[in-house]
Amino acid sequence: MLAIRRSKLEKLKELGHEPFGGRYDTTHSPGGLQEAFAEGLSVRVAGRVSARRDMGKTLFFDVSDIGGRMQCFLNAKNVPEEVFALFRDLIDLGDWLGVEGETFITKTGEPSIKVTALTVLSKALRPMPDKWHGVSDREIKYRQRYLDLMSNARSREVFLMRSRVLSEIRRYLGNLDYLEVETPMLQGVAGGAAARPFETFHNALGQPFYLRIAPELYLKRLLVGGFTKVFELNRNFRNEGISRRHNPEFTMLEAYQAYGDFEVMADMVEDLICHLAETFCGTLKIEHKDEEGLVVRTIDLSRPWRRTPYRELLQQVDPQWWEHTPEKRRERCAELGVEISPGMEDYEVTQQVFEKKIEEKTFDPCFVTHVPTELVPLAKQNRADGRVVDVYELIINGVEISPGYSELNDPNVQRSRLMHQAGEETQNIDEEFLLALEHGMPPAGGIGIGIDRLVMLLTGSESIRDVVLFPQLKNRE
RNA sequence: GGGCAGGUAGCUCAGUCGGUAGAGCAGUUGGCUUUUAACCAAUUGGUCCUGGGUUCGAAUCCCAGCCUGCCCA
C-alpha cells in the first residue's frame with residue numbers, strides 16, 4: 001500500500017504538482033464555512049480528504065480539520081479534464097487539499113463547494129483508520145493521537161472543549177483582575193504538596209533540581225511582592241502511580257487572592273465551575289454515559305453547593321467516630337471494610353475512612369471544610385479549634401477537584417508546621433519561602449483546581465487519558 | 001507491586017474440538033453525472049505480539065517475556 005501511494009506521489013511530481021505543498025490562503029475553514037454558509041460564494045478552503053463518494057463522471061468528497069467538514073462536488077463537465085483526473089487518480093483518503101470553487105446546495109440539501117481548482121497540500125503515504133469505527137485500540141489512540149483525532153468525532157469534541165475551557169478560565173480570572181504568572185518548574189526544593197518529585201540535574205550549575213509538584217510556594221512569594229490577585233495555570237509533575245485518574249504530569253490551576261479566605265475562594269470556584277458547565281455543557285445537570293450511550297450517572301451542579309465539616313461527614317459513617325480511642329477506630333476500619341496499614345498515624349486512619357466511605361461516594365459537589373491540621377501544613381488553623389484548619393476540599397464525581405485554603409502567613413507557625421511534616425528530612429524545607437514570609441505575606445485565600453479532572457467531569461470521560469492529548473505510556477521496545 | 005482481560009490484514013473484528021488464515025471497511029481493477037458508512041462486480045493484502053515447549057501438525061494447549069486496558073495496593 002505504501003508503494004502504491006509512493007508511485008502516486010511520483011506521478012504528482014511528474015505532472016508538476018508539489019506533493020507537500022506550501023502556503024495556501026483560505027477564505028474559510030471547513031467548519032467556518034459550514035457556519036457562515038450562503039450560496040454563490042467564491043471560496044478557498046483547505047483540509048484533509050476525509051471521505052469520497054465516486055460516481056463516475058461526478059464525485060463528492062469531504063475536506064475536514066479539527067473544527068469541522070465541508071462537502072466538495074467535482075463534476076467532469078465543470079472542470080478541465082486534468083483537474084478531474086488529478087483527483088480521481090492521484091488523491092486518496094487522508095491527503096490534504098486546497099479547494100477553490102463556488103458554494104451551492106445539492107439536491108439532498110447538503111451545503112457544498114462546486115470545485116473549480118485543486119491544490120495538493122500534502123500527500124498521505126499511509127492510510128486513514130476505519131472510516132466508520134475510527135481507531136478504538138487504546139494504545140493507538142494514545143500513542144498516535146493524530147489518528148484518533150482524525151477519525152473520532154468524540155475525541156475532537158473533548159479536546160476542543162478542553163482548549164476552550166482553559167481559555168475561558170483565563171478570561172474569567174482576567175475579568176476579576178487576576179494576573180497570570182509563570183513560576184519555576186525546576187525547583188531546588190519540591191514544595192507545596194506531599195508527593196514524590198522527578199529528579200534532574202543542571203550540568204552548568206552542578207546542582208540537582210526537582211520538577212515541581214506544585215507552584216504554591218512561589219505564588220506566595222508573589223503575594224509578598226505585592227501581586228494581590230495572581231494565578232498560574234500549567235503543569236505539575238508527580239513521580240507516582242499511573243491510573244485512570246493519575247498522569248505523572250497534570251495541569252493545575254492555582255489562584256491566590258490577598259485579603260480573602262477559603263470561603264471567598266469557595267464562592268469563586270463554585271461560580272467558575274457553574275459558569276463553565278453552563279457555557280460548555282449548556283446545563284448544570286451533567287450526564288455521564290457509557291459506551292452504548294446509556295446515562296450511568298448524573299451530576300447535579302445546582303447551587304448552592306453543600307458545605308460540610310470533615311468532622312460531621314465522619315459522624316455520618318459512625319456517629320461515635322470522634323469519641324472512639326485510636327485502637328477502636330482501627331477496629332471500626334476492619335468492620336467497615338476499609339484497609340489500613342499498621343504504620344499509619346491516627347489521623348491517617350481517619351483519612352482512609354474519609355476517602356473510601358465519603359469521597360468515593362460523593363458525586364454532587366460538596367465542600368468538605370475544616371479538615372484536620374495534620375493533613376494541610378500550609379493553611380491557617382481555625383481560631384476556635386486549633387485541631388482543624390480553615391480550608392475546603394471540593395469533591396465532585398468521587399474525586400477531589402479543588403482544595404481551597406485560608407493561607408497560613410505567620411512565618412513562625414509555618415516553620416514549625418513544615419518542620420513537623422518534614423520530620424528528619426529537614427533538607428525538604430524551602431528556607432527561601434520561609435524567608436519571604438518573614439517579609440510579610442498578606443492574609444489570602446488560595447485555591448487549586450485539577451484541570452484534567454475538571455475536564456473529565458465536563459466531558460463525561462472515565463479516564464484522564466481521554467482528556468490528556470499525549471498521556472504517559474511505557475516506551476515500546 | 002498483585003489479580004483479571006486483551007494483542008490475528010492499514011483499521012474494526014470473527015476464528016468451532018489442535019488439521020490449508022476469514023469478514024467488513026480501506027486499497028487495486030472495471031462500471032456508474034447529486035452522493036453522504038454511496039452503490040454493483042472482481043481482486044490484492046498476514047512476523048496470528050515475541051521467544052521457547054508439547055505434538056505428525058499450534059492463531060488455538062503449556063511456560064517465560066513485552067505492550068495495553070480494568071481492578072486492587
Side-chain angles (χ1 to χ4, degrees), chain A residues 1-9 11 30 34 39 48-64 68-79 81 84 87-95 101 103-115 123-153 155 196 239-247 290-291 333 337-344 348 352 355-356 360 398 461-466 470-477:
Chain A
M1 187 169 289
L2 258 169
I4 291 165
R5 294 270 175 125
R6 283 189 200 285
S7 77
K8 288 182 179 178
L9 184 142
K11 279 186 195 136
Q34 202 73 251
E39 287 189 83
R48 188 188 286 279
V49 177
S50 57
R52 59 181 287 173
R53 297 173 286 280
D54 186 344
M55 238 130 313
K57 296 281 190 299
T58 284
L59 59 83
F60 294 87
F61 60 96
D62 296 346
V63 290
S64 43
R69 58 170 275 279
M70 176 53 61
Q71 174 169 275
C72 301
F73 169 84
L74 190 58
N75 188 315
K77 202 173 68 183
N78 298 347
V79 293
E81 166 62 20
F84 191 80
F87 189 92
R88 186 190 59 207
D89 300 334
L90 299 176
I91 297 302
D92 290 296
L93 281 180
D95 293 351
T103 56
F104 77 110
I105 292 181
T106 63
K107 276 184 191 170
T108 54
E110 174 91 12
S112 307
I113 301 170
K114 189 172 289 179
V115 175
K123 183 72 192 159
L125 296 177
R126 293 179 188 270
M128 297 242 316
D130 188 284
K131 69 177 176 186
W132 186 240
H133 302 93
V135 281
S136 62
D137 184 302
R138 313 287 279 185
E139 200 173 346
I140 299 176
K141 278 168 78 85
Y142 302 149
R143 289 192 198 274
Q144 296 178 275
R145 180 67 84 183
Y146 48 91
L147 295 177
D148 180 39
L149 290 169
M150 74 175 78
S151 67
N152 294 102
S155 293
R196 205 168 138 202
N239 201 346
E240 294 177 348
I242 294 180
S243 79
R244 218 155 53 90
R245 296 188 193 82
H246 298 86
N247 196 52
D290 64 12
E291 305 278 308
C333 281
V338 173
E339 287 188 37
I340 51 170
S341 57
M344 281 181 174
E348 292 174 310
Q352 278 296 306
E355 286 176 12
K356 297 294 167 195
E360 287 182 10
S461 301
E462 291 299 312
S463 171
I464 194 169
R465 297 183 192 104
D466 294 326
F470 298 100
Q472 212 61 51
L473 297 182
K474 200 161 179 176
N475 268 354
R476 267 177 161 157
E477 212 68 57

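What you see is a predicted model; the values in this text were computed from it and never measured.
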| said: Within this structure, what is the CD-CE distance for the pair A:Q144 and A:M150, rounded to the nearest 0.5 Å? | reply: 9.0 Å
| field | Whole-Å distance separating the CZ atom of A:R88 from the P atom of B:U29 | value | 11 Å
| request: Could you give the distance separating B:U43 and B:G22 at their P atoms, to the nearest angstrom? | output: 14 Å
| request: Can you tell me the pairing partner of B:C56 across any strand shown, Watson-Crick or G-U wobble, with both distances under 3.5 angstrom? | output: B:G19
| query | Between the side chain of A:D148 and the main-chain N/O of A:Y142, is any donor-acceptor distance below 3.5 Å? | reply | no
| request: Look at the side chain of A:R244 and decide which nucleotide, out of B:C71, B:U35, B:C11, has an atom nearest to it. | output: B:C71
| said: For the C1' atoms, the ones on B:U20 and on B:C25, what distance do you get once it is rounded to whole angstrom? | reply: 26 Å
| note | Considering only heavy side-chain atoms of A:K131, the closest of B:C25, B:U34, B:G10 is B:C25
| note | If pairing means Watson-Crick or G-U wobble with both distances under 3.5 Å, then the partner of B:A5 is B:U68
| Rounded distance in Å between the P positions of B:G27 and B:U16 | 31 Å
| Does any donor-acceptor pair link the side chain of A:S136 with the base of B:U12 at a separation under 3.5 Å? | no
| task | Rounded to the nearest angstrom, tell me the gap between atom NZ in A:K57 and atom C1' in B:A38. | result | 18 Å
| query | If the P atom of B:A64 is compared with that of B:A42, how far apart are they to the nearest Å? | reply | 48 Å
| Residue A:K474, side-chain heavy atoms: nucleotide from B:U35, B:U68, B:G27 that is nearest | B:U68
| request: Taking the side chain as every heavy atom from C-beta outward, state whether A:E462 and A:R244 have any atom pair closer than 4.5 Å. | output: yes
| request: Using a 4.0 Å heavy-atom cut-off across all strands, classify A:L2 as base, sugar-phosphate, or nothing. | output: nothing
| field | Rounded distance in Å - CZ (A:R143) to P (B:U68) | value | 5 Å
| query | Considering only B:G24, B:G69, B:A26, which nucleotide approaches the side chain of A:D130 most closely? | reply | B:G24
| Distance-only donor-acceptor test, A:E110 side-chain atoms vs B:U34 base atoms, 3.5 Å | no
| message | In whole Å, I'd like the distance from the CG atom of A:L473 to the P atom of B:U68. | response | 6 Å
| Rounded distance in Å between the C1' positions of B:C49 and B:A59 | 12 Å
| Span that lies between the C1' atom of B:A21 and that of B:G45, in whole angstrom | 12 Å
| task | Please state the C1' separation for the pair B:C48 and B:G10 - nearest whole angstrom. | result | 16 Å
